[in-house]
Amino acid sequence: MTDKEFFALCQENETVIYEREVTGEIIERSLPGWQTSLRSTSVAVQVGNWIKQDESGLGFGAFTGFTLPNGAIRGPYFAWVLRSRIWSLVPEQRRGFLPLCPDFVVELLSDPEELNYFRKKMDEYIACGLRLGWLIDPEEKVVYVYRLGEPVQKLENANEISADPELPGFVLDLGEVWEPQL
């Protein structure tokens, strides 16, 4: 399936999340449950507030596809990209999926059985140039921190997490992720 055909498939099926492996295999994922959606929204709002103050990058929600340098197409729950990287795209690259690896991503587990899939996905982001990634497991209250060139760090029962130095001054309040406000 070509990139254009895959993009069309995603546009025609808005209630399904598709990703494409580097091998070309299409992965179909269902929409997240409401608690995962609340958690994702909390992350997006918190990062969005920081983005308004910092202005060095742009934030992207769960339905944004990124064509990674290895050819895989991924859709993280939340992604952030430096504005300078977006501005450097030529007009043809501004349509369809973003042809780059984000600088920062957040992935949220909605099912503990997905942990291995998301670990593989985070490793792939790092291999493609991701600077910082957080894989959040709300059930276990664990955050796996992925940084380019460093081993994965596991934070348990943390109240907050800092994105310094990649996103200077941004601190995520994990209380809102662990216990979504109803």
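Not measured: the values here are computed from a predicted model.
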Practice problem: Indicate if Val105 and Leu148 have the same hydrophobic cluster label, given that clusters are the connected sets of ILVMFWY residues with side-chain heavy-atom separations under 4.5 angstrom. | Solution: yes
Notebook entry, point to check: Given side chains that start at C-beta, do those of Tyr77 and Val43 come closer than 4.5 Å, heavy atoms only?
Noted result: no
Apply the test side-chain contact (heavy atoms from CB on, under 4.5 Å) to residues Val152 and Val145: give CA-CA distance (whole Å), side-chain angles for both, the deciding distance (0.1 Å), then the verdict. CA-CA 6 Å; Val152 177; Val145 180; over 6 Å; no
Between Pro168 and Trp50 the two heavy atoms that sit nearest each other are O-NE1, 2.8 Å
Closest non-hydrogen atoms of Ile51 and Gly57, given as atom of the first, atom of the second and distance, are CG2-O, 3.4 Å
Query raised in the report: Can any side-chain N or O of Trp178 pair as donor or acceptor with the backbone N or O of Asn157 at less than 3.5 Å?
Result: no
Between Ile136 and the options Val143, Leu109, Val142, the side chain to side chain contact (heavy atoms under 4.5 Å, CB included) test singles out Val143
Worksheet item: Is the number of heavy atoms from other residues, nucleotides or ligands under 6.0 Å of Glu113 CD greater than 12?
Response: no
Same cluster for Val81 and Ile126 if Ile/Leu/Val/Met/Phe/Trp/Tyr side chains link at under 4.5 Å?
yes
- prompt: Are the side chain of Glu12 and the backbone of Leu9 linked by a donor-acceptor contact shorter than 3.5 Å?
  reply: no
Residue set satisfying side chain to side chain donor-acceptor pair (under 3.5 Å) with Asn70, at least two apart, ordered chain then number -> Glu124
- Query: Do Leu115 and Glu140 have side-chain heavy atoms sitting under 4.5 Å apart?
  - Reply: no
* Asked: Do any N or O atoms from the side chain of Glu21 and from the backbone of Ile27 form a donor-acceptor pair under 3.5 angstrom?
  -> no
Rounded to the nearest 0.5 Å, the NZ atom of Lys154 sits from the CG atom of Leu135 at a distance of 11.0 Å
In terms of heavy-atom contacts, Gln46 and Asp173 come closest through OE1-N, 2.7 Å
Rounded to the nearest 0.5 Å, the CG atom of Leu100 sits from the OG atom of Ser88 at a distance of 7.5 Å
Assess whether a salt bridge exists between Lys121 and Glu114, defined as any Lys/Arg side-chain N lying under 4.0 Å from an Asp/Glu carboxylate O. no
Measuring only between side-chain heavy atoms, which start at C-beta, is Lys141 closer than 4.5 Å to Glu179? yes
d(Cys101 SG, Tyr125 OH) to nearest 0.5 Å is 7.5 Å
request  = Show your working on side-chain contact (heavy atoms from CB on, under 4.5 Å) between Asn159 and Leu174 and close with a plain yes or no.
outcome  = CA-CA 5 Å; Asn159 294 321; Leu174 288 165; 5.9 Å; no
Across all chains, not counting sequence neighbours, the salt bridge (Lys or Arg N to Asp or Glu O under 4.0 Å) partners of Asp137 are none
Here the gap from Trp134 atom CH2 to Gln153 atom CD, rounded to the nearest 0.5 Å, amounts to 11.5 Å
Scanning both residues in full, the closest heavy-atom pair of Cys10 with Tyr18 reads SG-CB, 3.8 Å
In the structure I gave you, are the side-chain heavy atoms of Tyr117 and Glu107 within less than 4.5 Å of one another anywhere? no
Spell out, yes or no, whether Ile17 and Val106 are grouped together once hydrophobic residues are joined by side-chain heavy atoms under 4.5 Å, including indirect joins.
no
Next item on the list: Determine, using the 4.5 Å side-chain heavy-atom cutoff (strictly less than), whether Leu155 and Leu167 are members of one ILVMFWY cluster.
Entry: yes
In terms of heavy-atom contacts, Leu108 and Thr36 come closest through CD1-O, 4.0 Å
* So, the side chain of Arg74 versus the backbone of Leu68: is there a donor-acceptor pair under 3.5 Å, distance only? -> no
**Prompt:** Checking side-chain contact (heavy atoms from CB on, under 4.5 Å) for the pair Phe7/Ile73: CA distance, chi angles, key distance, verdict?
**Reply:** CA-CA 10 Å; Phe7 184 75; Ile73 298 175; over 6 Å; no
CG of Leu82 to CZ of Phe104, rounded to nearest 0.5 Å, is 12.5 Å
May I have the list of side-chain donor-acceptor pairs in residues 58-67 shorter than 3.5 Å, sequence neighbours left out?
from: Thr64; atom 1: OG1; to: Gly61; atom 2: O; distance (Å): 3.2

Here the pair of heavy atoms bringing Pro102 nearest to Leu130 is O-CD1, 3.3 Å
Residues passing the salt bridge (Lys or Arg N to Asp or Glu O under 4.0 Å) test with Glu139, sequence neighbours excluded, are none
* Asked: How far apart are the C-alpha atoms of Asp164 and Val171, what are their side-chain angles, what is the distance that settles it, and do they pass the side-chain contact (heavy atoms from CB on, under 4.5 Å) test?
  -> CA-CA 8 Å; Asp164 278 329; Val171 177; 5.8 Å; no
Residues passing the salt bridge (Lys or Arg N to Asp or Glu O under 4.0 Å) test with Arg119, sequence neighbours excluded, are none
>> Counting the benzene-type ring for Trp, do Tyr144 and Phe118 have ring centres under 6.0 Å apart?
In response: no
**Asked** So if you build clusters from Ile, Leu, Val, Met, Phe, Trp, Tyr with side-chain heavy-atom gaps below 4.5 Å, do Tyr146 and Phe170 land together?
**Response** yes
Sorted by chain and residue number, the salt bridge (Lys or Arg N to Asp or Glu O under 4.0 Å) partners of Arg147 (sequence neighbours excluded) come out as Glu166
